[in-house]
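Following: one structure in structure tokens, then a few remarks.
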Amino acid sequence: AEYMGWQKSLLEDADYTAFYCNCFNVPLKEGCSDATFKRVINSTLFPLIDVYRPTSLVIQCGGDSLAGDPNKTFQLSPMGSLLPCIQKLLSNSIALDNRILLLGGGGYNFAETSKFWLLVTREAIKHNQQKFSPEVLLNPSASEDIPDSCEYFSEYGPDFVLYNNPPTNASSMSLVIRQDYNTEYYIQNIINLTNMNIQLFTKIFT
């Protein structure tokens, strides 16, 4: 087992400051809602970015956190939390002049995941229109309807539109609002740990 290039058995001999504060995990609990996700991201990720000022960002846009996913772990929606966070990251990236890479990921409600990734792609193009040739620029008046020429058109029913909240396609009809197990105490503890991490990073590296 290795961590940041060090053998685990040699961690006690390593220069601890070489990787201290450089890894921060936020394990959210089952049932995470849009409100919880936005609050945690805004209170942890963006303050960390402001302090670390990374030269590049890699963002995995997995669709298995969507409310209609059969894994039923989180209950997030593109417009309610995921897309606003990505929009803010893209804006932040431009402000910090850093590179950003958007990746796909899991997602087992294929209709909802494909629509989510289309929305993410659209936002990426919006924030970088000057880098694209005219033929790929977005038409602001483009229809939100799924074109009936789509090979899997029937999967997007019954509404056949790009976005619904909550999702209404056939594989999401059993969707129910579940309890968010991220309590106020748990969320505040995550935020406090983030602030502690930032203070430690500032103390060691500045």
Side-chain angles (χ1 to χ4, degrees), residues 1-67 69 71-107 116 120 123-124 127-128 178-206:
E2 294 184 356
Y3 183 75
M4 297 295 288
W6 297 97
Q7 292 292 334
K8 189 175 182 181
S9 60
L10 300 178
L11 277 178
E12 62 273 17
D13 300 323
D15 176 9
Y16 194 46
T17 60
F19 49 82
Y20 191 51
C21 303
N22 286 314
C23 183
F24 194 76
N25 186 37
V26 180
L28 294 174
K29 295 185 178 183
E30 184 179 351
C32 179
S33 64
D34 282 330
T36 293
F37 188 81
K38 282 197 298 185
R39 179 182 173 191
V40 170
I41 291 297
N42 285 324
S43 301
T44 60
L45 180 60
F46 291 109
L48 287 167
I49 288 174
D50 289 340
V51 173
Y52 280 71
R53 300 192 69 81
T55 56
S56 59
L57 295 170
V58 179
I59 305 167
Q60 186 168 2
C61 306
D64 45 4
S65 61
L66 293 170
D69 193 88
N71 285 333
K72 295 180 171 60
T73 302
F74 288 178
Q75 45 188 343
L76 306 183
S77 65
M79 297 301 190
S81 61
L82 294 172
L83 214 59
C85 290
I86 291 170
Q87 290 168 339
K88 190 171 180 178
L89 280 165
L90 289 167
S91 299
N92 223 33
S93 177
I94 293 171
L96 294 174
D97 195 28
N98 54 24
R99 297 177 178 85
I100 189 165
L101 176 63
L102 296 170
L103 304 176
F116 170 50
V120 170
E123 286 305 315
H127 282 81
N128 294 275
R178 294 177 293 112
Q179 179 178 349
D180 184 344
Y181 287 95
N182 296 279
T183 64
E184 174 61 28
Y185 174 82
Y186 185 75
I187 294 171
Q188 193 57 54
N189 190 47
I190 289 174
I191 295 171
N192 292 341
L193 285 172
T194 303
N195 292 332
M196 185 185 304
N197 208 54
I198 290 173
Q199 291 170 7
L200 288 170
F201 176 85
T202 304
K203 183 177 180 180
I204 292 172
F205 296 103
T206 59

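Computed from heavy atoms alone, side chains included, the values below leave out hydrogens, waters and symmetry copies.
Atom CG of L28 sits about 5.0 Å away from atom CD1 of I190, to the nearest 0.5 Å. With rounding to the nearest 0.5 angstrom, the CZ atom of R53 is 8.5 Å from the CG atom of N92. Taken from CZ in R178 to OG1 in T73, the straight-line distance is 7.0 Å, to the nearest 0.5 Å. Atom NZ of K38 and atom NZ of K88 lie 10.5 Å apart (nearest 0.5 Å). Rounded to the nearest 0.5 Å, atoms CG (L48) and CD1 (I41) are 10.0 Å apart. In this structure, CG on L66 lies 6.0 Å from CG on L82, to the nearest 0.5 angstrom.
A donor-acceptor pair under 3.5 Å is formed between the side chain of Q75 and the backbone N or O of G31. Looking only at distances, a side-chain donor or acceptor of D180 sits under 3.5 Å from a matching main-chain atom of N182.
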### Task
Check step by step if side-chain contact (heavy atoms from CB on, under 4.5 Å) holds for V26 and L45.
CA-CA 9 Å; V26 180; L45 180 60; over 6 Å; no
### Task
Walk me through it: do F74 and D69 pass the test side-chain contact (heavy atoms from CB on, under 4.5 Å)?
CA-CA 8 Å; F74 288 178; D69 193 88; over 6 Å; no
### Pair I100-H127, side-chain contact (heavy atoms from CB on, under 4.5 Å): steps then yes or no
CA-CA 11 Å; I100 189 165; H127 282 81; over 6 Å; no
### Task
Report the C-alpha distance between I49 and L89 in whole Å, list the side-chain angles of each, state the deciding distance to 0.1 Å, and finish with yes or no for side-chain contact (heavy atoms from CB on, under 4.5 Å).
CA-CA 9 Å; I49 288 174; L89 280 165; 3.6 Å; yes
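Across all their heavy atoms, C85 and F46 have their closest contact at O-CZ, 3.9 Å. Between G63 and F116 the shortest heavy-atom distance is CA-CD2, 4.2 Å. Annotation for L76 and C32: closest pair CD2-O, 3.4 Å, computed over non-hydrogen atoms. C61 and V120 get closest at one heavy-atom pair: SG-CG1, 4.1 Å. The minimum heavy-atom distance linking A124 with L102 is given by the pair CB-CD1, 3.8 Å. Taking each heavy atom of T194 and S43 in turn, the nearest pair found is CG2-O, 4.2 Å.
Side-chain contact check for S77 versus F37: every heavy-atom pair is 4.5 Å or farther apart. Between K29 and T36 there is no side-chain heavy-atom pair separated by less than 4.5 Å.
For the residue pair N192 / Q188, a side-chain donor-acceptor distance below 3.5 Å is found, with atom types taken as modelled.
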